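Below is one structure, written out as structure tokens; comments come after it.
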Amino acid sequence: MQQSSPDIVTFGETMALFMPESHKAIERSTTLEQGFGGAESNVAIGLARLGVSVGWFGALGNDPFGTIIVKTLRGEGVDTSRVIRSSEASTGMMFREHIAGRMAVHYFRKHSAASRMQPEDLDEDYIKGAKLLHITGITAALSENCRQTVTRAIQIAKEAGVKISFDPNLRLKLWSIEAARDALLPLAAEADYFLPGWDELKLLYNTEDYEAVKEQLRKLKAVSIIKGKDDATIVLDKHSEQAVPFYKADQVIDTVGAGDGFCAGFLAGISKGMSAVEAVRLASINGSLVVQMRGDWEALPEWSVVEQLLLDKAWVER
């Protein structure tokens, strides 16, 4: 019997990750920690820890790195039944280091298994059986065939009435801003939930005028969740606009994965029947907790932790 779909489905590239054990440059380190990271799989782990039924798929090499990724995701409660293992291409890799107090990332992902994903690799019934499909702009940036795969996944979802969440995750190391605009703005037009950062919006719409950007966003059907605007998150739709203050972190250790934690929190809130504003409050807590520990996804909290912090009425009612 074919396995039924989880409530939320997402897909994209997840890469093996290597970094020095302390905040050192790679050239001055004799050992490297091994892990993995990827925007969509980070979100999937975050959702699973918040008690949401979620599945992630993508193409991985038939190598030890792909095996580690699948085993860990499965252990976190993420459905990996649609993951593709390739014997012809390898799992992508990234190396992260701190230089002069700033983080640098070096990618080895060209011709990776994930970059070779094709529309025909999609399990249409798996997507149609979900309640929400989450995608990011990173997948579309990997290759033209990946862009076509994202487009086809959206078509499948829309035909079945599946909601679509889109985080642009603008990565200018992967393409030019002109190419990104051509690809990402049409994807935003298809979304039910659009989760850009304010800095991303300024680049995508080529303006720093918030009113001009807001006018463009209100042409979309999506509820837009604008992250990082004046120390708040803006929840914007055609008829309303509300600023939700950040949930302040006690300390900031590592900002990597904060956006994915926020996204997981928001989608978990929507999955649990919350309004967009309520879901943003949950998302803000989730993102705040992630930055207080090192790693892409390791600090993503369990639902019991977030649920207690949601009871902080003094913050909620500000």
Side-chain angles (χ1 to χ4, degrees), residues 10-17 37-43 58-59 89-97 99 102-119 121 133-155 164-191 193-217 219-220 222 224-229 255-260 262-263 296:
T10 185
F11 71 99
E13 180 171 43
T14 295
M15 293 176 286
L17 167 64
E40 300 85 1
S41 58
N42 294 346
V43 169
S90 60
T91 303
M93 295 188 291
M94 56 179 165
F95 294 78
R96 184 180 299 150
E97 63 181 340
I99 301 175
R102 300 186 65 181
M103 187 181 69
V105 184
H106 311 280
Y107 295 104
F108 295 82
R109 70 201 313 179
K110 190 173 183 180
H111 305 307
S112 68
S115 72
R116 301 187 181 196
M117 283 193 68
Q118 304 284 344
D121 292 329
L133 171 69
H134 175 65
I135 56 173
T136 82
I138 296 173
T139 311
L142 295 177
S143 62
E144 178 57 31
N145 47 283
C146 280
R147 181 175 171 179
Q148 293 171 3
T149 303
V150 171
T151 299
R152 179 57 188 149
I154 290 173
Q155 292 172 345
I164 297 165
S165 162
F166 175 51
D167 185 338
N169 255 315
L170 184 60
R171 297 290 187 270
L172 294 182
K173 282 189 174 182
L174 292 174
W175 51 5
S176 68
I177 185 58
E178 293 78 15
R181 288 181 189 132
D182 288 345
L184 301 185
L185 293 178
L187 296 180
E190 300 291 347
Y193 302 103
F194 181 38
L195 292 94
W198 171 234
D199 288 340
E200 291 174 316
L201 288 175
K202 289 187 287 187
L203 289 167
L204 288 172
Y205 288 109
N206 197 27
T207 179
E208 296 193 6
D209 183 340
Y210 176 63
E211 293 300 318
V213 171
K214 186 164 69 173
E215 182 179 352
Q216 293 300 316
L217 292 177
K219 294 178 182 178
L220 304 176
S224 293
I225 310 300
I226 307 169
K227 299 168 286 185
K229 180 72 171 69
T255 59
V256 174
D260 300 331
F262 182 99
C263 183
D296 281 49

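Keep in mind it's a predicted model, so treat the numbers as computed, not measured. Values below: all heavy atoms of this structure, side chains included; hydrogens, waters and symmetry mates excluded.
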Side-chain touch [X]/[Y], heavy atoms, less than 4.5 angstrom:
| X | Y | answer |
| --- | --- | --- |
| Val150 | Glu190 | no |
| Leu195 | Ser165 | yes |
| Leu217 | Ile226 | yes |
| Met15 | Phe108 | no |
| Phe95 | Leu17 | no |
| Ile154 | Ile164 | yes |
| Ile225 | Phe262 | yes |

Taking atom types as modelled and ignoring hydrogens, do the side chains of [X] and [Y] form a donor-acceptor contact shorter than 3.5 angstrom?
| X | Y | result |
| --- | --- | --- |
| Thr207 | Asp209 | no |
| Thr10 | His134 | no |
| Thr139 | Glu40 | yes |

Mutual orientation of the aromatic rings belonging to Phe194 and Phe166 [parallel < 30°, tilted 30-60°, perpendicular > 60°]: parallel

Nearest atoms (heavy-atom pairs only) where [X] meets [Y]:
| X | Y | result |
| --- | --- | --- |
| Thr149 | Gln118 | OG1-C, 3.1 Å |
| Val105 | Lys173 | O-NZ, 2.9 Å |
| Gly37 | Asn42 | CA-OD1, 4.0 Å |
| Gly137 | Trp175 | O-CZ2, 4.0 Å |
| Cys146 | Ser115 | SG-O, 3.6 Å |
| Asp260 | Val43 | O-CG2, 3.6 Å |

Taking Asp121 for its side chain and Met117 for its backbone only, find out whether a donor-acceptor pair lies under 3.5 Å. no

Do Lys229's NZ or CZ and the ring of Tyr210 fall within the cation-pi criteria of under 6.0 Å and 45°?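 Yes, a cation-pi geometry.
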
Is Arg147 salt-bridged to Asp182, going by a charged N under 4.0 Å from an acidic O? no

Test side chain to side chain contact (heavy atoms under 4.5 Å, CB included) on Ile135 and Leu133 and set out the steps. CA-CA 7 Å; Ile135 56 173; Leu133 171 69; 4.0 Å; yes

More than 12 foreign heavy atoms under 6.0 Å from NE2 of His111: is that the case here?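 Count not over threshold, so no.
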
Give, for atom [atom1] of [X] and atom [atom2] of [Y], the distance between the pair rounded to the nearest 0.5 Å.
| X | Y | atom1 | atom2 | result |
| --- | --- | --- | --- | --- |
| Glu215 | Lys219 | CD | NZ | 5.5 Å |
| Arg181 | Leu170 | CZ | CG | 9.5 Å |
| Ile177 | Leu204 | CD1 | CG | 5.0 Å |

Report the C-alpha distance between Leu174 and Tyr107 in whole Å, list the side-chain angles of each, state the deciding distance to 0.1 Å, and finish with yes or no for side chain to side chain contact (heavy atoms under 4.5 Å, CB included). CA-CA 10 Å; Leu174 292 174; Tyr107 295 104; over 6 Å; no

Apply side chain to side chain contact (heavy atoms under 4.5 Å, CB included) to residues Thr136 and Phe11 and explain how you reach the verdict. CA-CA 9 Å; Thr136 82; Phe11 71 99; over 6 Å; no

Any pair counted as salt bridge (Lys or Arg N to Asp or Glu O under 4.0 Å), so long as it reaches residues 103-112, sequence neighbours left out: Glu13-Arg109

Let's go through Met103 and Glu97 carefully: what are the C-alpha distance in whole Å and the side-chain angles of both, what is the deciding distance for side chain to side chain contact (heavy atoms under 4.5 Å, CB included) to 0.1 Å, and is it a yes or a no? CA-CA 6 Å; Met103 187 181 69; Glu97 63 181 340; over 6 Å; no

